[in-house]
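Atom set for the values below is all heavy atoms of this structure, side chains included, hydrogens, waters and symmetry mates excluded. In this chain, residues are counted from 1 in sequence order.
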Amino acid sequence: SYAARRRQLAPQCVAPPAPAATSGGASSSSGRTSPAMAAAPGGSVDIEGRPFDLQRVVVNFSNVGATYGEKVLKRMTRLFDYEGVRRCVRHLVEKGFSVVGVIFENFRACDEQGGEMVTVPEDIKQMCESIELTPRITGMHQRSADDEMTIKCAYRRNCRFLDNDNYSDWRRTMQDARIRAWLERCQELLQMRYYFDTCLGTFDTLDGNSIQVRAPQQQQQPAPSAPVRAAPASAPQQQQQ
């Protein structure tokens, strides 16, 4: 079961807690104060011994924008819309995350707020720590280069990543053995899932039931009872002469 699988992974990758919201938001090119890089307490490290950066998340923009276009805008073709990315990034920043976006370079897409775009809208750039552009590479084995880049960007930062793709193929076919092992062991603990409310259009993450690691409580021993002292033996009476 899912819960059993998480328990098996716990010794290698301790479940990270949700970050506390901060008033300053995430760091970005606009100069806001970034929340400190945080690792979960209790030895929360990956299989290479690196502490998790739990305040940072790599977001696959293609996955988010297409989901918004399909679920909220009810599009049948050219699903992607930057408004979905905008709502996603704004939500994450308000939660205190630093956001790293991944998107194909020269990606032609729609934006509810400004028609057709060939670059990431400026307001989205300002909310992000960085935008990583995936090269446009030809070849059948390179069709999911943005997925591969999302995984590798998260691995290098040892941080969370947001995408509703299960990445089952990448767990088998990732060429780099270290990244493949990291994904296999830590995906369920670091990958963030999300949804758009089809009626309201709001974005939110699906956080699930995180594992809480607690130190075992010692059982209280009953207070020892006072030893019962035996009554002193009475001296034998002398026989009357």
Side-chain angles (χ1 to χ4, degrees), residues 15-38 40 52-75 79-104 107 109-114 117 119-133 146-147 149-151 153-154 157-167 187-210:
T22 60
S23 58
S27 68
S28 73
S29 55
S30 62
R32 288 187 298 273
T33 301
S34 172
M37 184 185 301
F52 292 118
D53 180 356
L54 303 177
Q55 295 296 122
R56 185 165 281 103
V57 54
V58 178
V59 178
N60 187 326
F61 281 3
S62 297
N63 186 266
V64 173
T67 300
Y68 178 81
E70 177 185 6
K71 301 296 184 182
V72 179
L73 302 181
K74 313 298 183 185
R75 289 178 180 164
L79 302 179
F80 184 96
D81 195 290
Y82 269 117
E83 180 60 26
V85 175
R86 182 176 290 109
R87 298 184 185 193
C88 165
V89 174
R90 183 183 299 122
H91 176 89
L92 295 173
V93 169
E94 289 174 353
K95 291 293 186 181
F97 286 105
S98 295
V99 177
V100 176
V102 175
I103 187 74
F104 279 106
F107 188 74
C110 297
D111 185 359
E112 280 188 330
Q113 296 191 10
M117 309 286 294
T119 60
V120 178
E122 190 62 30
D123 64 313
I124 295 178
K125 289 182 181 179
Q126 291 298 317
M127 288 189 288
C128 293
E129 178 182 85
S130 68
I131 305 293
E132 305 301 326
L133 299 177
D146 59 332
D147 291 347
M149 192 164 168
T150 298
I151 296 169
C153 284
R157 293 163 176 80
N158 202 23
C159 69
R160 302 173 190 258
F161 55 102
L162 185 142
D163 192 334
N164 277 350
D165 194 312
N166 291 324
Y167 289 147
Q187 178 184 6
E188 293 187 58
L189 298 174
L190 292 182
Q191 185 171 5
M192 300 175 67
R193 314 290 182 143
Y194 69 91
Y195 75 98
F196 284 100
D197 188 305
T198 58
C199 180
L200 303 177
T202 54
F203 173 92
D204 209 341
T205 54
L206 296 168
D207 302 321
N209 299 318
S210 61

Asker: For residues F104 and S62, report the shortest heavy-atom separation together with the two atoms involved.
Answerer: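 Shortest heavy-atom contact: CD1-OG, 4.3 Å.
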Asker: Pick one: which of D165, T205, N166 meets side-chain hydrogen bond (donor to acceptor under 3.5 Å, both in side chains) with R193?
Answerer: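 Per the side-chain hydrogen bond (donor to acceptor under 3.5 Å, both in side chains) rule, the option paired with R193 is N166, out of D165, T205, N166.
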Asker: Taking side chain to side chain contact (heavy atoms under 4.5 Å, CB included) as the test, write out the residues that go with V100, two or more places apart.
Answerer: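 Scan of V100 (side chain to side chain contact (heavy atoms under 4.5 Å, CB included), adjacent residues dropped) gives R56, V58, E129, S130, E132, R157.
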Asker: How long is the straight-line distance from CD of E122 back to CE of M127, given to the nearest 0.5 Å?
Answerer: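 It comes to 11.0 Å.
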Asker: Does the side chain of F196 come within less than 4.5 Å of V64's, by heavy atoms?
Answerer: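 They are in side-chain contact.
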Asker: Measure the spacing between CZ of R160 and CG of D53 and express it to the nearest 0.5 Å.
Answerer: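 R160 atom CZ to D53 atom CG measures 9.5 Å (nearest 0.5 Å).
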Asker: If you measure from the Lys or Arg side-chain nitrogens to the Asp or Glu carboxylate oxygens, is any gap between E83 and R87 under 4.0 Å?
Answerer: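 Yes, charged N to carboxylate O under 4.0 Å.
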Asker: Does a donor on one side chain sit under 3.5 Å from an acceptor on the other, for N164 and N63?
Answerer: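 No pair is found: no donor N or O on one side chain lies under 3.5 Å from an acceptor on the other.
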Asker: Once you measure the plane-to-plane angle for F203 and H91, does it fall in the parallel (<30°), tilted (30-60°) or perpendicular (>60°) bin?
Answerer: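 Plane angle over 60°, so perpendicular.
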Asker: Any chance you could measure D163, atom CG, to D147, atom CG, to the nearest 0.5 Å?
Answerer: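 Nearest 0.5 Å value for the CG-CG distance: 5.5 Å.
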Asker: Can N60 and F161 be said to form a side-chain contact (heavy atoms from CB on, under 4.5 Å), step by step?
Answerer: CA-CA 8 Å; N60 187 326; F161 55 102; over 6 Å; no
Asker: Any heavy-atom pair between the side chains of Y167 and T150 that's under 4.5 Å?
Answerer: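 Contact flag for T150/Y167 side chains = yes.
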Asker: Can V59 and V89 be said to form a side-chain contact (heavy atoms from CB on, under 4.5 Å), step by step?
Answerer: CA-CA 8 Å; V59 178; V89 174; 5.5 Å; no
Asker: In a check of side chain to side chain contact (heavy atoms under 4.5 Å, CB included) between V99 and each of I124, V93, L162, which one passes?
Answerer: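 Only match with V99 under side chain to side chain contact (heavy atoms under 4.5 Å, CB included): V93.
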Asker: Could you state the interatomic distance from CG (L79) to NZ (K71), rounded to the nearest 0.5 Å?
Answerer: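 Answer rounded to 0.5 Å: 10.5 Å.
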Asker: With a 4.5 Å heavy-atom cut-off, do Y82 and I103 have their side chains touching?
Answerer: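 Y82 reaches I103 side chain to side chain.
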Asker: For L190 versus C159, what's the shortest heavy-atom pair and its separation?
Answerer: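 So the minimum-distance heavy-atom pair works out to CD1-O, 3.7 Å.
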Asker: Among E112, R86, R75, find the one that has a side chain to side chain contact (heavy atoms under 4.5 Å, CB included) with Y68.
Answerer: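 Single side chain to side chain contact (heavy atoms under 4.5 Å, CB included) partner of Y68 among E112, R86, R75: E112.
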Asker: Could you give me the CA-CA distance, side-chain angles and deciding distance for Y194 and T67, then say whether side-chain contact (heavy atoms from CB on, under 4.5 Å) is met?
Answerer: CA-CA 10 Å; Y194 69 91; T67 300; 2.8 Å; yes
Asker: Hey, is the main chain of S98 close enough, under 3.5 Å, to the side chain of Q55 for a donor-acceptor pair?
Answerer: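 Judged by distance alone, no pair lies under 3.5 Å.
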Asker: Before you tell me yes or no, could you show the steps for I131 and F61 under side-chain contact (heavy atoms from CB on, under 4.5 Å), namely the whole-Å CA-CA distance, both residues' side-chain angles and the distance that decides it to 0.1 Å?
Answerer: CA-CA 10 Å; I131 305 293; F61 281 3; 3.7 Å; yes
Asker: Considering non-hydrogen atoms only, spot the tightest contact between K74 and T198 and give its length.
Answerer: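 Here K74 and T198 meet closest at NZ-CB, 3.8 Å.
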